[in-house]
Amino acid sequence: MKKIEAIIQPFKLDEVKSALAAIGIDGITITDVRGHGRQKGHREVYRGQEYNIDMLPKVKLEIVIPAARTAEVCEAISGAARTGKLGDGKIFVFEVAEAIRIRNGDRGEMAI
């Protein structure tokens, strides 16, 4: 099993969810996060004062899938989230040693 964590732009969330639903992925955790990479934020002026906004709003997706679907899911996320501009985000893939469904004790891929 693999865990995919993707950091994307908030306005791309609906497109990414639709792309994942189209390939049959429905279990997903979504968290609002803040941060920056190479984008490094931007400057804003508020009431005459200039502020450096260095922590930008992003959305973090977490999905656990069978290992065989990793490339397919990564391609769906990157295709739907891509704008071609700085700040589109990142995808990280991790190994998952075990998954357990609390309700009935299913383990491994049966739990996802």
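We're numbering straight along the sequence, starting at 1.
Other cluster members for Ile25: Ile4, Ile8, Leu13, Val16, Leu20, Ile23, Ile28, Ile30, Val59, Leu61, Ile63, Ile65, Val73, Ile77, Ile91, Val93, joined by side-chain heavy-atom distances under 4.5 Å among Ile, Leu, Val, Met, Phe, Trp and Tyr. Taking Ile, Leu, Val, Met, Phe, Trp and Tyr as hydrophobic and joining them when side-chain heavy atoms fall under 4.5 Å apart, one finds Phe92 in a cluster with Ile7, Phe94.
In this structure, Arg34 contributes its side chain and Leu56 its backbone to no donor-acceptor pair below 3.5 Å. Lys17 places no side-chain N or O within 3.5 Å of a backbone atom of Asp26 that could act as its donor or acceptor partner.
Atom NZ of Lys90 sits about 14.5 Å away from atom NZ of Lys60, to the nearest 0.5 Å. Interatomic distance, Lys58 NZ to His36 NE2, rounded to the nearest 0.5 Å: 10.5 Å. Summarising the geometry, atom CZ belonging to Arg69 is positioned 11.5 Å from atom SG belonging to Cys74; distances are rounded to the nearest 0.5 Å.
Not a single side-chain hydrogen bond (donor to acceptor under 3.5 Å, both in side chains) links Thr31 to another residue, sequence neighbours left out. With sequence neighbours left out, the salt bridge (Lys or Arg N to Asp or Glu O under 4.0 Å) criterion links Arg82 to no other residue. Every salt bridge (Lys or Arg N to Asp or Glu O under 4.0 Å) that Glu15 has, sequence neighbours left out, goes to Lys12.
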Could you list the donor-acceptor pairs under 3.5 angstrom formed between side-chain atoms of residues 102-112 and any protein atom two or more places apart in sequence or on another chain?
| residue | atom | partner | partner atom | Å |
| --- | --- | --- | --- | --- |
| Asn104 | OD1 | Asp106 | N | 3.1 |
| Asn104 | ND2 | Asp106 | OD2 | 3.3 |
| Asp106 | OD2 | Arg101 | NH1 | 2.9 |

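A pairwise comparison of heavy atoms in Ala76 and Ala19 identifies O-CB, 3.9 Å as the closest pair. Here the closest non-hydrogen pair linking Lys3 and Glu62 is NZ-OE1, 2.9 Å.
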